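Okay, so here's the structure we're looking at.
Residues take their numbers from the sequence shown, with the count starting at 1. Because the structure is predicted, anything quoted here is derived from the model rather than measured.
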Amino acid sequence: APPPPAATAGAPQRAASASADGAPYNPLQSVKRFVDEEAPEDKAQGGGSMQTDLAGVQHLFTSLLKSVQGREGKFATQQEECNVLLREGVADQAALERSARRVSANLRVAQTAMAEYKQVVAFDTEQQKLISTSTQKLGSIEKEVEHQLSRAAGRMNEHAQRLISVAAGAEQNQDGYAKSVQNLVQRIQEHRAMLMRRSKHFQDQVAETNKADSALLRALSNDLRYGSRQFTQLKAESELLSVQAVAKQSDHEMATQFEVHVRTFCSDEHLKRLKQMLRESQVEEGFLRKAYPAPAEA
């Protein structure tokens, strides 16, 4: 049979520990309080039933042990909850900082690329204007040159016809003079032919230049459209990233406030107090198990 509680009167003194406020801790006081709450009628009768009724004593110690274990579980749960909150707070803060840095880096990249494409669009637009102006000027020069060459060729042809008429009239009287006039007419015709060849060569060069300008204008137009699309896309992305950066900053501030609240609630003093209460409950449980060990199973 298990020994009566009186046989373990010296156990509380051996199992006592220091409480949080420095006063000596006596597990027997908790037992006494539990007994007073559990059996007020037996206490009024002098506690005779606890000494005579073994089943009642066993029930009393079992209930007391469960109560102590319940307090241990409560303290351990609170301690673990604080540890989890502290770990999660630190992890969330670090994750938000990394996310904010990543958004800020992406925003800087987008803004830099947007500035570059803005310069590309401005450059392509300016080049298009210059090439268009040059093409117009070249067209005007071509028309003026063509007009001058055509006029010069016409006048030279007129002079050649007059000289031919003069040479025909002087052919019978002065053979030498007629021959000189014919030579002069031949040279005028050759010079006119040379001017026409140069005119054709100039026209071919103008055509090649216009062809190259047209190709360059098409390339600039394609590059301008691409740069404009990229600029518009990067502008929208930059605006979105700016909103995200503001949101990340707000999340970071909220996480900081949460961490402050957690550290206030789960302060070192609070954790120390929970640890002390858990140790006292474990000492009390050990005292109860020594004072009234569980009966062996049949």
Next on the checklist: Determine whether Val121 and Lys118 satisfy the following criterion, side-chain contact (heavy atoms from CB on, under 4.5 Å), listing intermediate values before the conclusion.
Outcome noted: CA-CA 5 Å; Val121 169; Lys118 185 177 181 180; 5.8 Å; no
Looking only at heavy atoms, which two atoms of [X] and [Y] are closest? And how far apart?
X      : Y      : answer
Ser132 : Leu217 : OG-CD2, 4.1 Å
Ala255 : Leu96  : CB-CD1, 3.3 Å
Val103 : Ala245 : CG1-N, 3.8 Å
Leu107 : Ser238 : CD1-O, 3.5 Å

Item to check | Aromatic plane relationship, Tyr226 with Tyr117 - under 30° parallel, 30 to 60° tilted, over 60° perpendicular | outcome: perpendicular
Checklist entry - Do other residues, nucleotides or ligands put more than 12 heavy atoms under 6.0 Å from the CD atom of Glu269? => result no
Checklist entry - Quick one: are Arg102 and Asn106 in side-chain contact, heavy atoms under 4.5 Å? => result yes
Checklist entry - With side chains defined as the heavy atoms from C-beta onward, is the minimum distance between Gln148 and Val145 less than 4.5 Å? => result no
Checklist entry - Does one side chain, of Ser221 or Arg225, offer a donor that lies under 3.5 Å from an acceptor on the other? => result yes
Checklist entry - Do Glu253 and Gln257 have side-chain N/O donor and acceptor atoms under 3.5 Å apart? => result no
Item to check | Audit row: Asp268, Lys272, side-chain contact (heavy atoms from CB on, under 4.5 Å) steps and yes/no | outcome: CA-CA 6 Å; Asp268 293 340; Lys272 183 178 180 181; over 6 Å; no
What's the spacing between [X] [atom1] and [Y] [atom2] if we round to 0.5 Å?
X      : Y      : atom1 : atom2 : result
Thr264 : Glu259 : OG1   : CD    : 10.5 Å
Asp223 : Gln127 : CG    : CD    : 11.0 Å
Cys82  : Arg263 : SG    : CZ    : 11.5 Å
Phe231 : Glu116 : CZ    : CD    : 12.5 Å

Next on the checklist: Run the side-chain contact (heavy atoms from CB on, under 4.5 Å) test on Arg87 and Val84 for me, step by step, so that the C-alpha distance in whole Å, both residues' side-chain angles and the decisive distance to 0.1 Å come before the verdict.
Outcome noted: CA-CA 5 Å; Arg87 287 196 304 268; Val84 170; 3.4 Å; yes
Item to check | Reference residue Met277; test side chain to side chain contact (heavy atoms under 4.5 Å, CB included); the match among Lys275, Arg273, Arg279 | outcome: Arg273
Item to check | Expected output: side-chain Ser140 to main-chain Gln136 donor-acceptor under 3.5 Å | outcome: yes
Checklist entry - Are Leu149 and Ile141 joined in one hydrophobic group, where the rule is that I, L, V, M, F, W and Y side chains link up if heavy atoms are under 4.5 Å apart? => result yes
Item to check | Intermediate values then yes/no, side-chain contact (heavy atoms from CB on, under 4.5 Å), Gln230 and Met114 | outcome: CA-CA 8 Å; Gln230 291 296 111; Met114 185 174 65; over 6 Å; no
Checklist entry - Any ion pair linking Lys200 and Asp204 (charged N to carboxylate O, less than 4.0 Å)? => result yes
Next on the checklist: For a side-chain hydrogen bond (donor to acceptor under 3.5 Å, both in side chains) check, start with the C-alpha distance between Gln205 and His201, then their side-chain angles and the critical distance, and finish with the verdict.
Outcome noted: CA-CA 6 Å; Gln205 287 182 331; His201 181 68; 3.0 Å; yes
